[in-house]
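Data first, discussion second: the structure below is written as structure tokens.
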2 protein chains.
Amino acid sequence: MSSPSTPTRGRPARLDRTRTLHKALDLLNQSGLDALTMRRLADAMGVRAGALYRYFATKQDLLTAMAERMMDGVAESAAEAGEGDWSEQLTALARAMRTALLAHRDGARVYAGTHATGANVLGFADACVGVLREAGFRDDDAARALFTVANFTVGHTLEEQAALRASDGEPADPEVLREALTAGTYPHLSATLPTLTSTDFTRLFDFGLGLLVEGLRARR
Amino acid sequence: MSSPSTPTRGRPARLDRTRTLHKALDLLNQSGLDALTMRRLADAMGVRAGALYRYFATKQDLLTAMAERMMDGVAESAAEAGEGDWSEQLTALARAMRTALLAHRDGARVYAGTHATGANVLGFADACVGVLREAGFRDDDAARALFTVANFTVGHTLEEQAALRASDGEPADPEVLREALTAGTYPHLSATLPTLTSTDFTRLFDFGLGLLVEGLRARR
DNA sequence: ACCTGAACACCGTTCAAGT
DNA sequence: ACCTGAACACCGTTCAAGT
């Protein structure tokens, strides 16, 4: 449970898991996932890269801990908001997860690239399954619905954060696209272009989440 | 439309976009995304890494082209399978996309990490929106449903391929997990453990997709 | 016990120079 | 026109040695 520094013996350590994690999330927000290297993190902590490996076995281990920390308080915040029935509670949980991922630059990419199984992630999962079981859903439906909601939320937020970063520069898509659209190659995309290019991601997320909830209601 | 080698002048080129793309997908299947480097791809093509940059501006450009190629034939294969009503056709399209991503190791990760807007991806999108519009859905609902289905499919398949690769080794999760479960910390996860640890991803995908389709039916 | 120094085995990308 | 050679500016990770 604690390899480094259990008693306070010797010099006070300049590093520890909590402070390093905090700085890593800072760096993520400032520069994004691609710029988050062990060397740069070490620099920010006033230490050499090798020293980090006393606290994190690998970079993957660090990223997993970051993902877990991002989910801090998600189950709880949704519990406050969700005073209504199962559908309102599940909606609150999914929205809280999206908000947590959006709170950090590339948050969804970090989450999707790891397999965090700490108290925050498990607490969130237990809350989702709990809401559905107590509403009378079958155990297997409740469990599968958890995955559906989580996978949709991660998939959506991955896309959302990618779109945010892509729009910080070029004019969306190459001219080839708009050309093909006006040429009539994709009539249905042309017809729905305003919605397809909308940046109201909250509305888009709520639409998809609404479909899932309605689908669940029909199955209950 | 063709910077390198439009006329066949000079020595026959050892490289071209199509053959390089093919080899890149081969390498992806053999060794996975982490092992797919420009240097290794160049080696496989009998060339030095720098030469690849005459055909792909960046590695990201290569990955985008790979994602686009993975979606080859997806809209078409679903059109054959989908002879029924809108719900069957949309289901066929989503299943075909999952199958296409599963066909290559780390396929979902490649797709999620890019923003392919070639004929295959646009054709798929147009087909999805078309099915819904012709079924009488509002334009904005049809467009949003496309994103929901695509984001869910990518999110699910990302998780599925990550789980496949994780199970090629250690016994799923650390003992800490099973300990916390039996300790009663997560009663709902404990109660649904069989479904949560199931590896029947096709069933899980169909469940989520079914929820989306039922949600759409309710909105029509 | 905690961290440095230095190395190992790599990366993506660029570009003058060769053929 | 197409590719090589060589470099630039990095990576994650390991580990003997210092303090």
Side-chain angles (χ1 to χ4, degrees), chain A residues 1-21 23-24 27-28 30-67 106 109-110 113-114 165 169, chain B residues 1-21 23-24 27-28 30-67 106 109-110 113-115 165:
Chain A
M1 206 117 218
S2 55
S3 300
S5 82
T6 309
T8 311
R9 193 82 79 81
R11 253 184 316 298
R14 287 141 74 195
L15 245 37
D16 68 84
R17 248 186 168 254
T18 308
R19 286 184 53 246
T20 307
L21 225 37
K23 188 63 93 181
L27 238 127
L28 181 70
Q30 284 166 29
S31 322
L33 182 56
D34 294 336
L36 178 67
T37 68
M38 296 302 266
R39 283 172 146 94
R40 279 209 254 248
L41 176 56
D43 270 8
M45 298 296 290
V47 105
R48 306 303 216 104
L52 295 173
Y53 289 83
R54 203 163 294 273
Y55 300 90
F56 301 94
T58 60
K59 186 181 182 181
Q60 193 60 35
D61 185 32
L62 168 70
L63 291 168
T64 301
M66 290 168 71
D106 293 328
R109 246 170 93 202
V110 170
T114 58
R165 219 121 291 287
Chain B
M1 208 115 213
S2 54
S3 299
S5 79
T6 307
T8 311
R9 193 83 79 81
R11 253 183 315 300
R14 288 140 75 194
L15 244 39
D16 68 86
R17 249 186 165 253
T18 309
R19 285 185 53 245
T20 307
L21 225 36
K23 188 63 94 181
L27 238 128
L28 181 69
Q30 283 164 30
S31 323
L33 182 56
D34 294 336
L36 179 67
T37 68
M38 296 302 267
R39 284 173 146 91
R40 279 209 255 247
L41 176 55
D43 270 7
M45 299 295 289
V47 105
R48 306 303 217 102
L52 295 174
Y53 289 83
R54 202 163 294 271
Y55 301 90
F56 301 94
T58 60
K59 185 180 182 181
Q60 192 60 34
D61 184 32
L62 168 71
L63 291 169
T64 301
M66 290 169 70
D106 293 327
R109 246 170 91 202
V110 171
T114 59
H115 245 295
R165 221 120 291 288

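A note on names: the letters A, B, ... follow the listed sequences, proteins ahead of strands, and every chain is numbered from 1. Bear in mind that the values here come from a model prediction, so they are computed numbers and not experimental data. No hydrogens, no waters, no symmetry mates; every other heavy atom, side chains included, goes into these values.
In this structure, the CZ atom of A:Arg40 is 14 Å from the C1' atom of D:dG12, given to the nearest Å. For the pair A:Arg19 CZ and C:dC2 C1', the interatomic distance rounds to 14 Å; values are reported in whole Å. Rounded to an integer number of Å, the gap from B:Lys59 NZ to C:dT13 P is 8 Å. Regarding B:Leu36, its CG atom lies at a distance of 13 Å from the C1' atom of C:dC11, rounded to whole Å. Rounded to an integer number of Å, the gap from A:Tyr55 OH to D:dT13 P is 17 Å. At whole-Å resolution of the value, CZ in B:Arg14 and P in D:dA1 are 18 Å apart. Rounded to whole angstrom, the span from the CG atom of B:Asp34 across to the C1' atom of D:dC11 amounts to 13 Å. Going from atom CZ of A:Arg54 over to atom P of D:dA17 covers 16 Å, rounded to whole Å.
Contacts with DNA chain D (heavy atom under 4.0 Å) in residues 44-52 of chain A: A:Ala49, A:Gly50, listed by number.
The two residues B:Ala49 and B:Arg39 make their nearest non-hydrogen contact at CB-CG, 3.9 Å. The two residues B:Ala67 and B:Thr114 make their nearest non-hydrogen contact at CB-OG1, 3.3 Å.
Between A:Leu62 atom CG and A:Leu36 atom CG the span is 6.5 Å, to the nearest 0.5 Å. Summarising the geometry, atom OG1 belonging to B:Thr18 is positioned 11.0 Å from atom OH belonging to B:Tyr55; distances are rounded to the nearest 0.5 Å. Rounding to the nearest 0.5 Å gives a distance of 10.0 Å between CG of A:Leu63 and CG of A:Leu21. Here CG of A:Asp43 is found 11.5 Å from NZ of A:Lys23. Values are rounded to the nearest 0.5 Å. Here the straight-line distance linking atom CE of B:Met66 with atom NZ of B:Lys59 works out to 9.0 Å at 0.5 Å rounding.
Of the candidates C:dT13, C:dC2, D:dG12, the closest approach to any side-chain atom of B:Tyr53 belongs to C:dT13. Nearest nucleotide to the A:Met38 side chain, out of D:dC3, C:dT13, D:dG12: D:dG12. You'll find that the side chain of A:Arg39 is closest to C:dA7, out of C:dA7, C:dC3, C:dG12. Closest to the B:Ala13 side chain, of the nucleotides D:dC11, C:dT13, D:dC2, is D:dC2.
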| query | What do the steps show when you test A:Asp34 against A:Arg109 for side-chain contact (heavy atoms from CB on, under 4.5 Å), and what is the final call? | reply | CA-CA 11 Å; A:Asp34 294 336; A:Arg109 246 170 93 202; 2.8 Å; yes
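Contact of the B:Leu52 side chain with the B:Leu41 side chain is registered, since non-hydrogen atoms from C-beta on lie closer than 4.5 Å.
Taking the P atom of each, C:dC10 and D:dA9 are spaced 22 Å apart, rounded to whole Å.
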| Dot-bracket summary - DNA chain D, pairs being Watson-Crick or G-U whose distances fall under 3.5 Å, with | when paired to another strand | ||.|||||...|||||.||
